[in-house]
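Comments concern the structure below.
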Amino acid sequence: MPRGQKALDLDDVRPDVRATTRPPGRVVRVVPDVAGIAKRFDYVVPARLDDQVEVGTVVRIDLHGRRVAGWVVEVDVETPPDVDLKELARVTGVGPSPDLVALADWAAWRWAGRPRTFLRAASPPGRVRGDVTRPPVTRCQAPSDRPSPVTVRRVPPAADRYPIVTSAIEETAGDALVLCPSVAQARALADRLRRDGRPTALVAHDQPGTAAAGEWARAAAGGCTVVGARAGAWAPVPRLGQVVVLDEHDEAYAEEGSPTWHARDVVLERAARAEVPVLLVSSNPTLEALAAGVLVAPERSAERRGWPALEVVDRREEDPAAGMLTEPLAALLRRAGRVLCVVNRTGRSRLSACAICREVVACATCEGPVIQPDEDTLRCTRCGTERPVLCHICGSTRFRVLRPGVSRLREELAALVGEPVDEVTGAAAAVPTSRVVVGTEAVLHRVTTADAVAFLDIDQELLAPRERAREQAFALLARAARLVRGREEHGRLLVQTRRPEDVVIQAALHADPARVAEAEAEVRRTFRLSPFAAVADVSGVAAPAFVAALGRPPGIEVQGGGGAWRIRADDHTTLCAALAAVERPPGRLRIDVDPLRA
DNA sequence: CGGACAAGCTGA
DNA sequence: CAGCTTGTCCGG
């Protein structure tokens with residue numbers, strides 16, 4: 001064909017075809033708030049909305065016949081003039097500031113997720129219309145030779161964090177962002193700051209009614225301290241001057257769902273971008289924190305005073321079949337006031353029933369009672385026969401716990417002390433009132449003060465088949481220490497163990513968290529775990545396709561198979577670049593960057 | 001995600 | 001081969 005005859009004809013017939021297919025106006029790029037759509041789409045801003053649209057604005061768009069929400073992530077986008085574009089349907093309200101939109105992009109890269117997750121976290125709960133007076137984002141950098149120092153402040157477990165927060169607020173040029181492990185703790189802190197006459201905004205998505213949107217708008221307006229929990233890492237703080245993370249070691253800062261982002265790491269990046277300092281506060285700082293900042297530890301004597309006295313009950317000489325109620329424990333129960341007994345036996349049970357056929361599990365050989373000593377084994381208490389966790393009636397592997405270990409211990413303890421003993425497990429909501437309480441570690445969250453905490457079987461925590469088992473065990477001891485307070489206030493801990501020399505026990509005994517950190521660092525360096533390497537676990541039906549597409553790029557190590565893989569690199573830059581280079585195969589896929597458990 | 005559309009399956 | 005199910009693609 002010598003010339004584009006057909007195209008010429010079209011132009012002749014409809015000379016203004018281009019002007020009519022695309023409405024006039026600025027073009028913006030929008031991330032739709034729809035799960036499963038990773039793409040961004042361009043829309044024209046109608047003239048009537050022109051002054052309301054900027055990066056971060058929450059809009060509604062027509063997408064494939066549906067009207068959905070989305071975020072403007074780029075403005076004044078250059079697009080070829082012949083591309084047909086729709087108009088934005090409407091402006092819903094104010095959204096994340098441009099710096100948080102950029103941070104959401106970074107987080108999507110860092111945790112191999114989608115920006116939508118983070119844009120949601122950075123958006124107001126409900127609707128916030130354009131009447132938010134948002135000051136321009138400014139740098140509030142305190143004069144310093146280091147651009148954005150990260151300080152790890154180790155404190156004794158029972159030390160009051162409040163003076164640390166207030167002095168940080170007073171030293172901050174600009175507004176401080178303070179994170180707590182739970183919304184309840186954040187609310188308590190915000191209340192206390194307000195009672196002290198300090199302007200404060202509590203940013204949490206699960207607040208009742210319209211309060212949440214109001215608090216968000218107050219934070220966005222600036223001029224107050226902003227307090228929040230994990231999602232508070234994404235709170236609007238226009239004149240950010242410092243970030244404080246309380247109980248930095250708390251695993252509540254890690255999102256369990258995919259993407260598995262961590263609030264500590266989000267604020268470290270956020271503060272670095274804003275060139276403001278970060279203060280990580282903990283009685284037992286993580287290795288990640290220690291790798292990110294400079295440790296400031298208390299005086300040895302002050303730290304020792306701040307930890308309770310620890311009684312170690314060496315059970316090595318005892319008959320393994322003997323009960324958990326040792327003589328030193330009985331003495332503590334008689335002597336101390338309120339005693340919390342902790343035994344983490346969730347999911348492992350003294351008596352189980354098949355979840356499908358409801359048959360109570362009994363020994364297949366002698367019909368004797370069966371216990372579940374670990375995840376994979378059922379053992380007859382009468383004849384000792386072991387078998388896998390499998391219903392011998394219907395073959396099901398799902399079991400219902402009828403009487404977890406805690407229930408049995410409650411009976412034994414009540415008989416020993418001759419008074420009622422309350423029981424606390426994860427599910428039960430009631431606050432226990434008895435003097436002696438037994439429960440899983442949930443008891444340490446449910447009760448606010450105690451005179452003593454006894455760990456009936458700390459070995460279960462020390463030897464748990466999890467990578468962070470010892471760190472978690474030590475965190476458990478620190479939490480208990482916080483409840484009973486320091487030795488000067490007669491706080492007491494008791495641990496029953498067959499590993500009295502374990503570094504976790506020794507660290508608590510000497511009130512020296514550095515011992516755990518050093519021992520853990522050794523292990524993690526050897527096994528190339530965080531913070532000495534960057535790790536991601538890949539699972540789900542699409543995992544084989546993902547790993548195949550990933551290949552073996554330089555600097556990337558791939559282990560595993562059979563449905564679950566571990567990807568490893570020296571640093572996150574290498575790891576995340578490799579993960580981002582893979583086009584996501586269809587199907588369910590979980591990429592767990594920085595996995596907490598293995 | 002969820003609608004559109006294409007390719008495969010079934011019953012007359 | 002209509003009428004339906006199942007699967008894959010795509011959205012501005």
Side-chain angles (χ1 to χ4, degrees), chain A residues 7 10 14 16-93 95-96 98 101-102 104-105 107-109 111-123 125-127 205 255-261 538-549 580-592:
Chain A
L10 191 71
R14 296 168 61 193
D16 59 346
V17 61
R18 287 172 185 174
T20 53
T21 49
R22 185 203 287 193
R26 290 194 292 158
V27 176
V28 293
R29 193 151 287 168
V30 177
V31 169
D33 185 10
V34 182
I37 298 184
K39 248 166 117 180
R40 295 155 186 236
F41 301 95
D42 293 341
Y43 288 83
V44 171
V45 182
R48 70 199 148 82
L49 300 179
D50 197 60
D51 58 341
Q52 299 174 49
V53 174
E54 55 186 353
V55 170
T57 304
V58 182
V59 295
R60 288 193 78 79
I61 51 170
D62 290 311
L63 181 66
H64 209 83
R66 296 187 292 157
R67 186 160 285 192
V68 298
W71 294 271
V72 173
V73 294
E74 264 178 74
V75 294
D76 301 318
V77 176
E78 301 274 342
T79 47
D82 55 334
V83 178
D84 191 18
L85 296 179
K86 291 185 180 173
E87 287 189 325
L88 291 177
R90 50 175 293 208
V91 168
T92 304
V101 171
D105 258 337
W109 169 84
W111 285 282
R114 305 216 161 119
R116 168 176 178 259
T117 319
F118 305 107
L119 291 168
R120 276 190 158 189
S123 295
R127 216 125 293 165
H205 280 62
E255 170 63 51
E256 276 183 45
S258 182
T260 55
W261 60 279
V538 179
S539 59
V541 290
F546 183 90
V547 172
V582 180
E583 207 167 312
R584 263 184 183 246
R588 287 184 64 85
L589 178 70
R590 183 182 160 93
I591 302 178
D592 192 346

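All chains are named by letter (A, B, ...) in the order of the sequence lines, taking the proteins before the strands, and each is independently numbered beginning at 1.
Distance, A:L589 CG to B:dC1 P: 13 Å, rounded to whole Å. At whole-Å resolution of the value, CG in A:L88 and P in C:dG11 are 18 Å apart. Rounded to an integer number of Å, the gap from A:R114 CZ to B:dC1 P is 9 Å. Rounded to a whole Å, the CG atom of A:D33 is 15 Å from the C1' atom of B:dG2. In this structure, A:D62 places its CG atom 15 Å from C1' of B:dG2, rounding to the nearest Å. Atom CZ of A:R66 is separated from atom C1' of B:dG2 by 5 Å (rounded to the nearest Å). If you take CZ of A:R584 and P of B:dC1, they are 12 Å apart, rounded to a whole angstrom. C:dG12 atom P lies 9 Å from atom CG of A:D84, rounded to whole Å.
A:T57 has its side chain out of reach of A:Q52: every pair of non-hydrogen atoms, C-beta onward, lies at least 4.5 Å apart.
Distance alone, capped at 3.5 Å, places no donor-acceptor pair between the A:R40 side chain and the A:R29 backbone. Panel note: side chain A:Y43, backbone A:A89; no donor-acceptor pair is recorded below 3.5 Å. A:R26 places a side-chain N or O within donor-acceptor distance of the main-chain N or O of A:D50, the cut-off being under 3.5 Å.
Within the nucleic acid shown, A:R29 has no heavy atom closer than 4.0 Å to any nucleic acid atom. Looking at heavy-atom distances under 4.0 Å, A:L63 makes contact with sugar-phosphate atoms alone, never a base.
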